[in-house]
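I have placed the structure first, in the form of structure tokens, so that the comments after it can refer back to it.
By convention here, the first residue in the shown sequence is residue 1.
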Amino acid sequence: MKSNLISRVLSWAAIVFLLLFFPVYESFSNTGVRWAISIIVLSVIVGSGFLSYIGSKKEDKEINLLISSGLGIISLGIYFLRVYLEDLSLQKGGTAPVWITNLREFLLVFLVLFVLGSVFLGILREWERSSFENQSSLKGRKQSLVRDFFLGTGILLLILILANYISVMRNHNFDLSSKGVHSFSIEAKKILKEIPEGAEVDVIAFYPRPLDSTARNADGSSSLALKRIRPDLEILLSQMVSIHPGFKVKFINADVELDEIAEFGQVSNGNILIRYRKAGATAGPYPEQKVGVKDKSELEDLERRLVQAFMNVTTKERKVYFTEANGERYSQTFQNLPNEKLVRFADALSFLNFKSTGIGFQNNWPSKIPDDAEFLVIAGPTVPFSPEARASILDFVFKKKGKLFITIEQRGAESFDWLLEAAGYTFSKGNLSQSPSRAPGLILTKAFRDHAIEESLSKKDTGIVFPYGGYFEQKPPKDASEIKLDASILLETGGDVYLDKNGNGKQEKEEEKKNLPIALVLKTKSATPVVPPADPNTPPITLPETKSEDEGRIVIYSGTSWITNQYIPYEANYELAGASVTWMYQDVSLPAIAPKKEEIETVSLTDGQKRAVWILGMFLFPGLIAGLGSIYVIKRKKAGQKNA
């Protein structure tokens, strides 16, 4: 009797433990706790099957309970195999192999089926056992057994509800969409798990609830469109909590919950704020970045932009030096010209975990860059650098693998050709004008080239206000070996800009419209050559992106006014300045995170196929049904006549 009671307790415990294992296991990040949970659940399932086997008669084995235990053990094995495959793909880096992704999806189907099969067979066995006991017990005992069974079933239902609640809170779900639009990819999870111990990342999404009254925001975005995408965002963003417990996700309606947005400054619906809080941090300002999502189409690359923002704000604090001995905008020369200063730009860097410091004559600059310098900003020098200073900057890039953010002042005497010649470019002065409606020398451009900097911009469609700048031209050296920097164009003027030679803002006959580069990205050449595959049909090998500390990086702009206090608030200027800086230390290749775009395959029929479908639908199928029906009626009639 005692062994029978223990067997029943273990049987129900095995069902409950198997259902609760998956949400509870993922709720803990400590390896020791996870091992303990796994051992306890496995022991209960094995013990249930083993005790049932040794306690049953040889000719009457409890097959259902044995199969239930076996399916439970196999379910745990499949689950841990999927975890191992995920860790294996993360260790490889880059894009996960296709076979791993396909195998994990295949195993997921069997995991669900085996868990359900184990639970149903376990309940069925207990039902059988209760029915058998009812048949051999007294009337009162029968009633108590039936009552106990239904009571146990009710308790199991409550446990199922609890397991579902935990799963919802921890956002455990099966994403069965073709592109995984409601979940993060393996590459994204690898990055998002790298939160320093004790730190937290607040994810605040500003969107109206589905039942809130519709309105129109100041930026022109429809509240109705924002309400439609909020459910999708809730599913996706809440998964960040299950990826790492350091994520804290919250939704706020910025138009209604005004008391909730006081600590976030100027915010509006349609934005997601990523804020990083270090361990022990109790007061701001905190590193933070906004990601804008206004309609369904922007959900396709939201994962990539979220990961980019996460990397930007969680980077370790770095010191950035601003040169100020050659008439730069950061120097005292512009102390009495508030619109020409870089205060807002420097403040923006502080929100990205950079600490700004100026270097001048008091720091032995020019000619000596501080030993602890990793990142140098040279913003609009008006006085040319000395040969010693030029040599120090070149050594900083090529030998120390330092990072440079440079803006050229067109009205100054420093053109940086001594640096650009290593990339096969030169700087040219010239008034760039766009239309009579804008002031001479002021342009608005959206002509970005594909680059990691451009990928992170949510407002790039609004354009960059770029006033009083020059442009770059290619100037290949006679000897190709003199090219020591890999150059790529980041931003161009667009095809509606012309060189305004007389500066009157009007396009003369001889002033042709041109698309000219105004921003370049330069990197020291990689030591590892990229060898194309021998077979042209073989897909190219994905090489890991060079680590930022292994290469010197430079972002250089042909103008300075666009980052000054006067113009940085306009359009996407603020975002571009921040993205240019954070790219300096970006090690992850974001293109590995593919956009979640649902592709609808269309099928076109030829004229012959259309004709065949028409004939089948109009004649063959109706004729077949009529013929079979006639045969059936005739046979029934003949059978009736024969019986009569």
Side-chain angles (χ1 to χ4, degrees), residues 171 181-184 192 200-241 247-277 284-310 312-313 344 347-348 351-352 446 455-465 568-579 595-597:
N171 199 52
V181 295
H182 301 299
S183 59
F184 287 91
L192 296 176
E200 293 183 350
V201 178
D202 294 327
V203 182
I204 303 97
F206 300 95
Y207 288 86
R209 297 178 181 84
L211 296 180
D212 289 344
S213 60
T214 58
R216 197 158 189 85
N217 294 335
D219 61 355
S221 60
S222 173
S223 181
L224 180 61
L226 299 182
K227 290 194 303 182
R228 288 176 177 173
I229 63 177
R230 173 162 172 162
D232 293 329
L233 288 175
E234 288 179 341
I235 295 173
L236 182 65
L237 296 182
S238 57
Q239 289 190 51
M240 302 177 82
V241 180
F247 284 104
K248 309 297 179 185
V249 178
K250 185 178 182 180
F251 277 79
I252 298 176
N253 186 345
D255 293 337
V256 178
E257 302 171 84
L258 301 180
D259 56 330
E260 296 280 348
I261 66 174
E263 62 175 303
F264 304 113
Q266 187 177 359
V267 293
S268 60
N269 282 337
N271 292 287
I272 303 171
L273 180 66
I274 312 295
R275 172 180 285 185
Y276 175 62
R277 291 184 289 142
Y286 301 106
E288 60 184 33
Q289 184 170 337
K290 294 179 184 177
V291 177
V293 183
K294 300 294 192 300
D295 54 57
K296 284 274 188 181
S297 62
E298 295 182 352
L299 292 174
E300 296 173 358
D301 62 341
L302 175 60
E303 179 186 23
R304 181 184 298 179
R305 291 192 287 148
L306 285 174
V307 172
Q308 174 72 73
F310 169 80
N312 292 345
V313 300
R344 292 185 176 181
D347 289 344
F351 281 101
L352 297 173
K446 308 174 186 178
E455 289 174 350
S456 64
L457 303 180
S458 61
K459 297 182 179 180
K460 60 186 175 184
D461 290 337
T462 61
I464 303 297
V465 177
I568 198 171
Y570 287 98
E571 309 305 338
N573 288 27
Y574 187 94
E575 275 195 344
L576 178 60
K596 302 297 182 64
K597 185 175 183 180

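- Not one N or O on the side chain of Tyr207 forms a donor-acceptor pair closer than 3.5 Å with the backbone of Glu234.
- Arg275 pairs in a side chain to side chain contact (heavy atoms under 4.5 Å, CB included) with only one of the listed residues (Lys290, Glu288, Lys248), which is Glu288.
- For the pair Arg209 (side chain) and Arg230 (backbone), a donor-acceptor distance under 3.5 Å is absent.
- Note that CD of Gln289 is 10.0 Å distant from CG of Leu306, once rounded to the nearest 0.5 Å.
- Here the straight-line distance linking atom NZ of Lys227 with atom CG of Asn253 works out to 10.0 Å at 0.5 Å rounding.
- In this structure, Ile252 and Val267 have side chains that are not in contact, with every pair of non-hydrogen atoms separated by 4.5 Å or more.
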Going through the checks in order, is the side-chain contact (heavy atoms from CB on, under 4.5 Å) test met by Asp202 and Leu273?
CA-CA 8 Å; Asp202 294 327; Leu273 180 66; over 6 Å; no
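- If you take CG on Leu226 and CG on Asp255, they are separated by 8.5 Å, rounding to the nearest 0.5 Å.
- For the atom pair CG (Asp232) and CZ (Arg228), the distance works out to 12.0 Å, reported to the nearest 0.5 Å.
- Lys250 places no side-chain N or O within 3.5 Å of a backbone atom of Ile204 that could act as its donor or acceptor partner.
- Atom CD1 of Ile274 is separated from atom CZ of Arg305 by 11.0 Å, given to the nearest 0.5 angstrom.
- Closest approach of Tyr276 to Tyr286, counting heavy atoms only: O-CB, 3.4 Å.
- For the pair Asn573 (side chain) and Val465 (backbone), a donor-acceptor distance under 3.5 Å is present.
- Atom-to-atom distance recorded for Leu302:CG and Glu300:CD is 11.0 Å, nearest 0.5 angstrom.
- Taking every heavy atom of both residues into account, Gly292 and Glu298 meet most closely at O-OE1, 3.4 Å.
- Ile261 and Ala254 make their closest contact through CD1-O, 3.8 Å (heavy atoms, listed as atom of the first residue, atom of the second, distance).
- Asn271 places a side-chain N or O within donor-acceptor distance of the main-chain N or O of Ser268, the cut-off being under 3.5 Å.
- Ring orientation note: the planes of Phe264 and Phe206 are nearly perpendicular, at an angle over 60° on the 30°/60° scale.
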Show the numbers, then the answer: is there a side-chain contact (heavy atoms from CB on, under 4.5 Å) between Leu299 and Leu236?
CA-CA 10 Å; Leu299 292 174; Leu236 182 65; 5.9 Å; no
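- Scanning both residues, Thr462 and Ala572, for their nearest heavy atoms gives OG1-N, 3.8 Å.
- Using a 4.5 Å heavy-atom cutoff, the side chains of Phe251 and Leu237 are in contact.
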